[in-house]
Amino acid sequence: MLSIIRITKDKGPFYQIDFSDGESLKVSEDILVRYRLLKGQELENETIEEIKKNSGFDFGLQQALNYLSYQLRTEKEIRIYLKDKEIGQEDRHKIVDRLKELGLINDLTYGESYVRTNMRLSDKGPKKLAMQMQQKGLTPEIIEQALEQYTFEDQVENAHQTAEKTYNKNYGKSQKELLRNIQQRLMTKGFSSDVIQEAIEALPKETDPEEEYELLVQQGDKLWRKNSRFESKKRKMKVKQSLYQKGFNLEMIQRFILEKEEEISE
């Protein structure tokens, strides 16, 4: 038999009970009232074990409710959180079941909310969202159902906005390289090839030839200086290769090289 030597208020709706053998136990206010726990009270070991068993579930449930008060959580997130709080496995299962009964855990509701939020506030495509939801513990079936909200038209609109921003920020590159970069960016964002094709359809496909050539000259001059250590033939070859990889057409590249050769011969 042990006696209670101290009861002190802890964080939130919890109290710490100190026993005569030096052991401490954290319990909720509900446990305190249910067992009518008071300083100086003597308890049988069986009663203490019963309190411990009930307090684990009660403490874990209160912790989970507090965790859920900030935002929606998936079942996996709740289980990890309770494990980190050192709640026993049996109590974790009971707590999750109780939260489901209360409607506070619902992975489909979470997934649908997650998709709606990202449709409005992010530039992520469905593949990216699916991967992130999978990491949060949602099943493939729930992910597929949640993504039904993200229509093809919504995807095209979001992808097009990202494409326009990328297009405007990357002035100075060849048209071919710019469109290639946009396609790659949209792919990494999780959009399908069909959506990407539709999204870039409204972007300018051609530029004024002279404007394109001016961009080539800007890039070419840098490359010409960069490769100045090589002999003439190798220098021209490396500049041509680099400009071609950047998406400029061969006719313009040849024009640039001829102009450089004329400068050298003058």
Side-chain angles (χ1 to χ4, degrees), residues 1-118 120-121 129-147 149:
M1 183 175 288
L2 297 176
S3 60
I4 298 174
I5 61 172
R6 188 183 301 108
I7 299 177
T8 54
K9 185 73 173 67
D10 205 8
K11 294 180 181 178
F14 297 104
Y15 292 80
Q16 179 171 308
I17 300 176
D18 297 318
F19 293 100
S20 54
D21 66 347
E23 186 178 0
S24 296
L25 182 63
K26 186 179 290 188
V27 300
S28 68
E29 188 173 357
D30 179 62
I31 293 288
L32 201 70
V33 173
R34 192 189 314 169
Y35 288 90
R36 300 177 182 178
L37 301 176
L38 298 169
K39 181 181 177 180
Q41 182 179 2
E42 292 188 338
L43 299 173
E44 298 285 346
N45 289 336
E46 292 80 3
T47 304
I48 293 174
E49 289 303 315
E50 184 180 336
I51 291 172
K52 286 181 179 179
K53 185 175 181 180
N54 289 328
S55 63
F57 170 83
D58 200 58
F59 175 73
L61 180 61
Q62 291 297 325
Q63 291 290 313
L65 290 171
N66 182 61
Y67 186 53
L68 282 163
S69 67
Y70 300 102
Q71 66 183 63
L72 291 175
R73 309 286 183 179
T74 66
E75 180 179 336
K76 179 182 178 181
E77 288 175 323
I78 290 291
R79 289 187 181 278
I80 291 174
Y81 179 78
L82 291 173
K83 186 177 181 180
D84 290 342
K85 290 294 181 180
E86 299 182 349
I87 305 300
Q89 186 177 35
E90 184 179 349
D91 284 330
R92 293 201 300 271
H93 291 323
K94 291 179 181 178
I95 291 167
V96 167
D97 289 342
R98 180 59 177 151
L99 292 173
K100 286 181 178 179
E101 290 174 8
L102 295 170
L104 297 176
I105 293 181
N106 186 312
D107 280 357
L108 177 58
T109 299
Y110 179 95
E112 290 175 339
S113 174
Y114 189 83
V115 172
R116 285 195 302 271
T117 299
N118 279 277
R120 294 196 316 270
L121 303 178
L129 296 183
M131 181 181 68
Q132 292 176 336
M133 287 189 285
Q134 185 180 23
Q135 292 171 347
K136 291 178 178 292
L138 303 191
T139 65
E141 293 77 19
I142 287 178
I143 292 171
E144 183 179 357
Q145 195 170 343
L147 285 172
Q149 304 171 99

I want to check something: taking the side chain as every heavy atom from C-beta on, are [X] and [Y] in contact at a cut-off of under 4.5 Å?
X	Y	answer
Thr139	Asp107	no
Arg34	Asn54	yes
Glu50	Glu46	no
Val27	Phe59	no
Lys26	Asp10	yes
Lys52	Glu23	yes

Within this structure, what is the [atom1]-[atom2] distance for the pair [X] and [Y], rounded to the nearest 0.5 Å?
X	Y	atom1	atom2	result
Met131	Lys136	CE	NZ	12.0 Å
Leu2	Asp21	CG	CG	4.5 Å
Leu102	Leu68	CG	CG	10.0 Å
Glu42	Ile4	CD	CD1	10.0 Å
Leu32	Phe14	CG	CZ	12.0 Å
Ile17	Arg6	CD1	CZ	12.5 Å

Exercise: identify the closest heavy-atom pair between [X] and [Y]:
X	Y	answer
Leu43	Leu37	CD1-CD2, 4.0 Å
Ser55	Leu25	OG-CD1, 4.0 Å
Ala64	Leu99	CB-CD1, 3.8 Å
Leu129	Tyr114	CD2-CE2, 4.1 Å
Met133	Val115	CE-CG2, 3.8 Å
Ala130	Leu147	CB-CD1, 3.9 Å

Pi-cation contact, Tyr67 with Arg73 (under 6.0 Å, within 45°): yes

Those residues at least two apart in sequence (or on a different chain) that pass side chain to side chain donor-acceptor pair (under 3.5 Å) with Asp91 are none

So does [Y] get a backbone contact from the side chain of [X], meaning a donor-acceptor N/O pair under 3.5 Å?
X	Y	result
Ser20	Ser3	yes
Gln149	Glu112	yes
Thr117	Ser113	yes

Query raised in the report: Is it the case that more than 12 heavy atoms not belonging to Gln16 sit under 6.0 Å from its CD atom?
Result: yes

Check: If you count the non-hydrogen atoms of other residues, nucleotides and ligands that lie under 6.0 Å from CD in Glu101, is the total more than 12?
Finding: yes

Check your understanding: Quick one: do Glu75 and Arg79 make a salt bridge, cutoff under 4.0 Å?
Key -> yes

Applied to residues 22-42, the ring-ring contact (aromatic ring centres under 6.0 Å, His included) test, sequence neighbours excluded, yields none

